[in-house]
Amino acid sequence: MLELRGQRVLLGVSGGIAAYKSADLVRRLREAGAEVRVVLTAGAEHFITATTLQALSGHPVRTSLWDAAAEAAMGHIELARWATQVLVAPATADLLARVAQGRADDLLTTLCLATEAPIAVAPAMNRVMWANPSTQANVATLRARGVRVLGPMAGSQACGETGEGRMREPADLVDDLAASAVPPRLAGRRLLVSAGPTFEDLDPVRFLGNRSSGRMGFAIAEAAAQVGAEVLLVAGPVKLATPVGVRRIDVRSAAEMHAAVIGALPGQDAYVGAAAVADYRPAAVADRKIKKGEGAMLLTLERTADILAEVAAHPARPRCVLGFAAETHDVADYARGKLAAKKVDAIAANLVGRPGSGFDADENALTLYWNGGEREFATARKTDLAHGLVGWIADRLEAG
Ligand code: PMT
């Protein structure tokens, strides 16, 4: 897990329903080691109290530019200088507009104008407000000025609608902030990641697939982007949002994944094959729904291309190629066998077929095998394991 030890985070909360999550955010920021000071806009005070955030942050919460006692204790310019990072979460459409215009009409916008610390905003609003060209223009202005825009996510909204506009989860915001505080070890490097399952169609309504959710591969893509890599994610059919700063190509079948990965190979420094690619596909795809008949039905399957092995043997082979092995038994033997047979730099092996780990779980446990060594990664969130794997890749690339 990345940490925020030594970081002084100024958390600005503006007036949207997602403000209730700022209590959790403060708690998580402090758990990660940060010192936290909170500023509420007038709108935010309708959604969460200063008392709650004072108790959680351990410091008085500022709400007004005109509070003489608070200004005497730590003036707003001092507060702007104190911060090593500024995070506005949630950032409403109005707050984004005011910061984009360089307004200083309340304490939070004044601090955003007066600070030299990096600023990140986590937008949260109704999906139509987010899609509005005014909001998008304000976001583009902020990005162009170096403000990091974290999210929003797609999903169900407090207003009852579904779409893009949910605030990024507090745990993810803490990871984003922590990553920006660590050395960008993969800056200037390009990383290609495959994730998720592949679906092999039998007819217009049926397919052969597997239980991969894509979480492991998405976590790796996110962790690599957080330490500065330019990441391209080739994703099978999954229901996950694209990690911040990651470019994504969506595919369905093993053949499409093969074409996307091989096509993107030139210039990559590393490839991570976390996808659960089908080894077999139906030899023929019926163009009409297959009708049932009497007795058993026999399917003829043919092999798909082994993408990982092909990447490792390709003239444009990235310097570091890391594959996975998903096994239900004899994990170490099969993993070492894949390391040799596929001629990759490392294999991350996981035991699959039991609940709570491997496929479609938030957590996993891995053993990384390479020629001359192995490392255990004990059960942890996939987002945490991803940082370990990305660290290993960075070591490998730095070693040359
Ligand atoms: O997606 P999640 O729900 O988070 O689950 C994560 C995971 C269990 C899918 C992941 O941790 C994992 O193990 N991914 C690899 C799954 C797999 O297909 O393993 P395998 O042992 O069958 O394949 C070995 C390696 O060859 C893998 O890197 C795979 O991407 C690659 N391969 C396999 C077949 C093929 N045709 N082409 C390939 O590139």
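When a ligand or atom number is given, it counts from 1 through the structure's own listing order. For the single chain, residues carry numbers from 1 onward in sequence order.
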With a 4.0 Å cut-off on heavy atoms, is Gly196 touching ligand 1?
no

Of all the non-hydrogen atoms in the protein, which one sits nearest to atom 1 (O) of ligand 1, and at what distance?
Ser212 OG, 2.6 Å

State, with a plain yes or no, whether a side-chain heavy atom of Glu230 is found less than 4.5 Å away from one of Leu191.
no

Using a 4.5 Å cut-off on heavy atoms from C-beta on, say whether the side chain of Glu35 contacts that of Trp82.
yes

Based purely on interatomic distance, does Met216 place a nitrogen or oxygen under 3.5 Å from a nitrogen or oxygen of ligand 1?
yes

What protein heavy atom is closest to atom 12 (C) of ligand 1, reported as residue, atom name and distance in Å?
Phe324 CD2, 3.6 Å

Run the contact test for Ala278 against ligand 1 with a 4.0 Å cut-off on heavy atoms, strictly below, and give the result.
yes

Regarding atom 14 (N) of ligand 1: of the candidates Ala309, Ala326, Ala274, which has the closest heavy atom?
Ala274

Quick check on contacts: which atoms of ligand 1 are under 4.0 angstrom from a heavy atom of Gly323?
28 (O)

Is any NZ, NE, NH1 or NH2 atom of the basic residue among Arg28 and Glu169 found under 4.0 Å from an Asp or Glu carboxylate oxygen of the other?
no

Can you report which non-hydrogen protein atom sits closest to atom 34 (C) of ligand 1, along with the distance?
Asp279 OD1, 3.2 Å

Solution key, residues 305-323 side-chain donor-acceptor pairs under 3.5 Å, sequence neighbours excluded:
unit_1: Asp306; atom_1: OD1; unit_2: Leu308; atom_2: N; d: 3.2
unit_1: Asp306; atom_1: OD1; unit_2: Ala309; atom_2: N; d: 3.0
unit_1: Asp306; atom_1: OD1; unit_2: Lys342; atom_2: NZ; d: 3.4
unit_1: Asp306; atom_1: OD2; unit_2: Lys342; atom_2: NZ; d: 2.7
unit_1: Glu310; atom_1: OE1; unit_2: His258; atom_2: NE2; d: 3.1
unit_1: Glu310; atom_1: OE2; unit_2: His258; atom_2: NE2; d: 2.8
unit_1: His314; atom_1: ND1; unit_2: Ala316; atom_2: N; d: 2.9
unit_1: Arg317; atom_1: NE; unit_2: Ala312; atom_2: O; d: 2.9
unit_1: Arg317; atom_1: NH1; unit_2: Asp345; atom_2: OD2; d: 3.1
unit_1: Arg317; atom_1: NH2; unit_2: Lys343; atom_2: O; d: 3.0
unit_1: Arg317; atom_1: NH2; unit_2: Asp345; atom_2: OD2; d: 3.2
unit_1: Arg319; atom_1: NH1; unit_2: Leu397; atom_2: O; d: 3.3

Pairs of nitrogen or oxygen atoms closer than 3.5 Å, one from Gly214 and one from ligand 1: do any exist?
yes

Below 3.5 Å, N or O to N or O, backbone or side chain included: is there any such pair between Ala361 and ligand 1?
no

Aromatic rings Phe207 and Phe199: how do their planes relate, parallel, tilted or perpendicular, breaks at 30° and 60°?
parallel

In this structure, does ligand 1 have an atom that sits under 4.0 Å from one of the heavy atoms of Ala254?
no

Name the closest protein heavy atom to atom 28 (O) of ligand 1, giving the residue it belongs to and the distance to 0.1 Å.
Gly273 O, 2.6 Å

Does ligand 1 have an atom under 4.0 Å from some heavy atom of Gly217?
no

Answer yes or no: is there a side-chain heavy-atom contact under 4.5 Å between Lys21 and Val26?
no

Give the residue and atom name of whichever protein heavy atom lies nearest to atom 5 (O) of ligand 1, and the separation in Å to one decimal.
Gly358 O, 3.4 Å

Going by heavy-atom distance to atom 18 (O) of ligand 1, choose the closest among Pro197, Ala276, Ala349.
Ala276

Nearest to atom 39 (O) of ligand 1, what protein heavy atom do you find, and at what distance?
Leu308 N, 2.8 Å

Are any of the side-chain heavy atoms of Thr135 and Met125 separated by less than 4.5 Å?
yes

Mind checking what makes side-chain hydrogen bond (donor to acceptor under 3.5 Å, both in side chains) contact with Thr141, not counting sequence neighbours?
none

Quick one: does Met257 get a heavy atom under 4.0 Å from ligand 1?
no

So, is Ser194 polar-close to ligand 1, with some N/O to N/O distance under 3.5 Å?
no

Give me the nearest non-hydrogen protein atom to atom 11 (O) of ligand 1 as residue plus atom name, then the distance to 0.1 Å.
Asn350 OD1, 2.6 Å

Pairs of nitrogen or oxygen atoms closer than 3.5 Å, one from Val352 and one from ligand 1: do any exist?
no

Determine, for Phe218 and Arg248, whether the Lys NZ or Arg CZ falls below 6.0 Å from the six-membered ring centre while staying within 45 degrees of the axis.
no

Less than 4.5 Å apart, side chain to side chain, heavy atoms only: is that true for Ser22 and Phe47?
no

Checking side chain to side chain contact (heavy atoms under 4.5 Å, CB included) against Leu10, which of Val88, Val39, Val38 comes through?
Val39

Any atom of ligand 1 sitting under 4.0 Å from a heavy atom of Lys382?
yes

Would you check if Gln157 and Arg127 make a side-chain contact, meaning some heavy-atom pair closer than 4.5 Å?
yes

Is there side-chain contact between Lys338 and Phe324, with heavy atoms separated by less than 4.5 Å?
no

Between ligand 1 and Arg211, is the shortest N or O to N or O distance under 3.5 Å?
no

For atom 26 (O) of ligand 1, what is the nearest protein heavy atom, given as residue, atom name and distance?
Lys342 NZ, 2.9 Å

If we set the cut-off at 4.0 Å for heavy atoms, which region of Asp306 has an atom near ligand 1: side chain, backbone, both, or neither?
both

